[in-house]
There are 2 protein chains.
Amino acid sequence: MTGFAEAKRAVDEALDKAKLCVVVGECRVRYEGRAASKLSEGDRLLIIKPDGTFLVHQGSKMAAINYQGPGAAITTAASEGGLTVTAQRLKPLKETIEVEFSRVDFAGSFEMRDDKKLKLFGSERELSGLLMQDLNVLEKGLRPLKKESAMPKGAVDILAEDALGHLVAIEVKRRDAGLAAVTQLNRYVHELRKRKGGVVRGILCSPSITANAHKMLEQEGLEYVKLDYEIGNPCAKIRGLEKKQRDLHEY
Amino acid sequence: MTGFAEAKRAVDEALDKAKLCVVVGECRVRYEGRAASKLSEGDRLLIIKPDGTFLVHQGSKMAAINYQGPGAAITTAASEGGLTVTAQRLKPLKETIEVEFSRVDFAGSFEMRDDKKLKLFGSERELSGLLMQDLNVLEKGLRPLKKESAMPKGAVDILAEDALGHLVAIEVKRRDAGLAAVTQLNRYVHELRKRKGGVVRGILCSPSITANAHKMLEQEGLEYVKLDYEIGNPCAKIRGLEKKQRDLHEY
DNA sequence: GCCTAGGTCCCGTAA
DNA sequence: TTACGGGGCCTAGGC
């Protein structure tokens with residue numbers, strides 16, 4: 001248990017010195033902005049980061065139950081009955097979160113020295129790059145033309161040319177492809193046909209595809225190639241590329 | 001500053017008693033699972049929730065830099081040189097996060113009593129429901145048939161019938177519509193035409209639409225209606241519905 | 001600033 | 001369970 005005045009000091013100190021602020025206690029939360037929300041009393045974890053990021057967590061689930069991104073202006077107000085912390089942001093839209101603590105179990109502030117960035121392996125971009133280095137495993141005679149080729153809007157992951165000189169749009173997905181992946185590829189293919197004319201093929205390349213997505217893919221005359229990859233460190237590896245054009249039941 | 005043994009006790013107590021655990025200190029993080037990542041030494045905030053949720057936060061940005069959802073099994077190991085906390089999950093895929101603290105500034109555990117759920121206003125579902133009650137503001141003679149009508153996969157927000165008895169698929173978006181919204185609506189419209197036959201119209205309803213999306217919409221013979229709504233408490237209100245079929249420059 | 005798409009997306013819901 | 005789409009999505013990258 002911590003007094004509200006003391007808790008307020010901890011929060012203010014964090015705001016002042018650009019420290020991380022952590023508060024645990026019972027509170028109510030009100031939000032208004034892009035949407036609006038109310039959350040009745042319960043025990044929560046409040047995090048305020050030096051950049052203005054504001055997070056309210058409940059005791060389960062990954063996602064913060066209320067939040068505000070970098071740039072929020074935070075104010076505090078303590079009374080004998082409680083501590084209120086408010087986050088307000090004006091850009092891109094006026095948004096306000098108000099957290100009213102009726103009990104504070106802990107309030108602390110911490111310096112956060114950290115200039116390190118995450119090194120991530122196995123992103124779609126990385127897989128796409130790997131695939132581009134060896135397109136003939138995908139199909140004999142396939143030659144890369146361009147990576148991340150910009151479209152009227154959006155970008156094809158890989159633009160290639162097959163043995164017959166036909167343009168091939170390749171969309172790579174790092175995980176199971178659904179309907180959205182097919183429509184996305186289809187959009188690129190149609191755009192390319194309109195712009196360049198002639199035959200344009202579309203290949204979707206992912207670890208797996210849903211039955212509905214595969215059906216749509218076939219109806220649209222697009223192709224599917226199963227992508228087997230291995231997450232490694234320091235980099236991902238494409239295990240084997242095997243053209244699949246057989247029946248649905250395989251997927 | 002906190003000793004590693006003491007910090008380990010705090011974490012173990014949290015795990016034991018199903019409490020929330022908060023640790024602040026300098027650490028390195030390693031992740032392997034759906035992808036892989038490395039993060040060198042820096043000051044971070046570690047959160048472990050009673051349900052196994054595991055979050056590592058840096059001092060900026062909203063998103064956790066490393067994380068694991070509910071269901072992770074957590075283990076701790078302290079040595080004279082540091083404290084290591086590991087989270088491992090087997091479903092839906094084997095994933096491991098390892099956090100190695102080389103300094104602990106704080107480690108605490110907290111009970112989290114909370115049976116409250118967020119009440120949210122202004123969701124797409126709510127707007128869709130409001131719109132359904134008054135479809136004639138959208139277009140005279142438009143009558144609702146079904147809400148959240150299931151498709152072969154996916155669901156149309158609103159299925160309606162116009163004055164001529166033609167089927168109308170309505171997709172509602174609570175924010176700016178992009179290309180994806182148009183392709184989504186288009187998919188429903190095509191599916192309905194194939195299943196029911198006859199004329200099927202498609203109307204996209206959102207606060208605004210990007211230029212490219214509007215172009216595609218017109219090319220596909222779909223329609224757009226600007227949706228003006230107001231976030232209220234305890235509920236949202238649709239301010240005015242005005243059919244827009246004029247030129248692109250309006251948007 | 002807008003727009004587009006990725007994300008270890010997360011999450012709820014319905015079949 | 002899978003699959004699909006919403007999300008106050010967030011975030012990065014291009015223009």
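A note on names: the letters A, B, ... follow the listed sequences, proteins ahead of strands, and every chain is numbered from 1.
- A donor-acceptor pair shorter than 3.5 Å cannot be found between the side chains of A:Asp176 and A:Thr210.
- Between B:Gln184 and the phosphate of D:dG6, there is a side-chain N or O to OP1/OP2 separation shorter than 4.0 Å.
- Contact between the side-chain N/O atoms of A:Arg175 and the OP1/OP2 oxygens of C:dG6 is not found at any separation under 4.0 Å.
- Salt bridge present: B:Arg34 and B:Glu95 bring a charged side-chain N and a carboxylate O closer than 4.0 Å.
- Atom NZ in A:Lys117 sits roughly 14 Å away from atom P in D:dT11 (whole-Å rounding).
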Close N/O contacts between protein and nucleotides 12-15 of chain D (under 3.5 Å):
residue, atom, partner, partner atom, Å
D:dA12, OP1, B:Lys61, NZ, 3.4
D:dA12, OP2, B:Lys61, NZ, 3.3

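- Using a 4.0 Å cut-off between a side-chain N of Lys or Arg and a carboxylate O of Asp or Glu, A:Glu124 and A:Arg174 do not qualify as a salt bridge.
- A salt bridge does not link B:Glu191 to B:Arg193: none of the charged nitrogens lies less than 4.0 Å from a carboxylate oxygen.
- Here the separation of C:dT8 from C:dT4, taken at their P atoms, is 23 Å to the nearest Å.
- Note on A:Tyr188: every side-chain N or O is 4.0 Å or more away from OP1 and OP2 of C:dT4.
- In this structure, the CE atom of B:Met216 is 13 Å from the C1' atom of C:dA5, given to the nearest Å.
- Within the nucleic acid shown, B:Arg89 has no heavy atom closer than 4.0 Å to any nucleic acid atom.
- Salt bridge status for B:Glu100 with B:Arg28: present, with a side-chain N to carboxylate O gap under 4.0 Å.
- Between A:Lys116 and B:Glu41 no salt bridge is recorded (no basic side-chain N to carboxylate O distance below 4.0 Å).
- One can place CD1 of B:Ile209 at 16 Å from P of C:dC2, the figure rounded to the nearest angstrom.
- Here the P atom of nucleotide D:dG8 and the CG atom of B:Leu120 are 5 Å apart, to the nearest Å.
- One can find a donor-acceptor pair under 3.5 Å joining the base of C:dT8 and the side-chain atoms of B:Asn66.
- Between the NZ atom of A:Lys147 and the C1' atom of C:dA5 there is a distance of 15 Å, rounded to whole Å.
- Inspection of the A:Thr96 and A:Glu32 side chains reveals no N or O donor paired with an N or O acceptor under 3.5 Å.
- Considering only side-chain N and O atoms, A:Tyr67 lies nowhere under 4.0 angstrom from the phosphate OP1 or OP2 of C:dC10.
- At the heavy-atom level, B:Ile65 lies under 4.0 Å from base atoms of the strands shown.
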Applying side chain to side chain donor-acceptor pair (under 3.5 Å) to B:Thr53 and B:Asp51, what does each step give before you reach the verdict? CA-CA 6 Å; B:Thr53 296; B:Asp51 67 352; 2.8 Å; yes
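- Phosphate contact (OP1/OP2 of C:dT4, side-chain N/O of B:Thr210, threshold under 4.0 Å): present.
- Using a 4.0 Å heavy-atom distance criterion, B:Glu171 is classed as a sugar-phosphate-only contact.
- Between the side chains of A:Ser206 and A:Tyr224, at least one donor-acceptor pair of N or O atoms lies under 3.5 Å.
- Within 4.0 Å of A:Leu179, counting heavy atoms only, lie sugar-phosphate atoms of the nucleic acid but no base atom.
- A:Gly154 comes within contact range of the sugar-phosphate backbone alone, with a heavy-atom separation under 4.0 Å but no base atom that close.
- Rounding to whole angstrom units, CG of residue B:Leu118 and P of C:dC11 are separated by 13 Å.
- The stretch residues 40-58 of chain A does not touch DNA chain C, since none of its heavy atoms comes less than 4.0 Å from the strand.
- A:Leu93 places its CG atom 14 Å from the P atom of D:dG8, with the value rounded to the nearest Å.
- Proximity of B:Arg34 to the phosphate of C:dC9: a side-chain N or O atom is located under 4.0 Å from OP1 or OP2.
- Looking at which nucleotide of DNA chain D each of B:Met62 and A:Asp176 is closest to, the 5′-most match is held by A:Asp176.
- Annotation: of the two residues near DNA chain C, B:Gly178 and A:Gly122, the 5′-most nearest-nucleotide partner is B:Gly178.
- Distance NZ (B:Lys119) to P (D:dG8): 16 Å, rounded to an integer number of Å.
- Within a heavy-atom distance below 4.0 Å of DNA chain C, the residues of residues 94-101 of chain B found are B:Glu95.
- With the nearest nucleotide of DNA chain C identified for both A:Ser60 and A:Ser123, A:Ser123 has the one nearer the 5' end.
- Within the structure, every side-chain polar atom (N or O) of A:Asn212 is placed at least 4.0 Å from both OP1 and OP2 of D:dA3.
- Salt bridge present: B:Lys173 and B:Glu171 bring a charged side-chain N and a carboxylate O closer than 4.0 Å.
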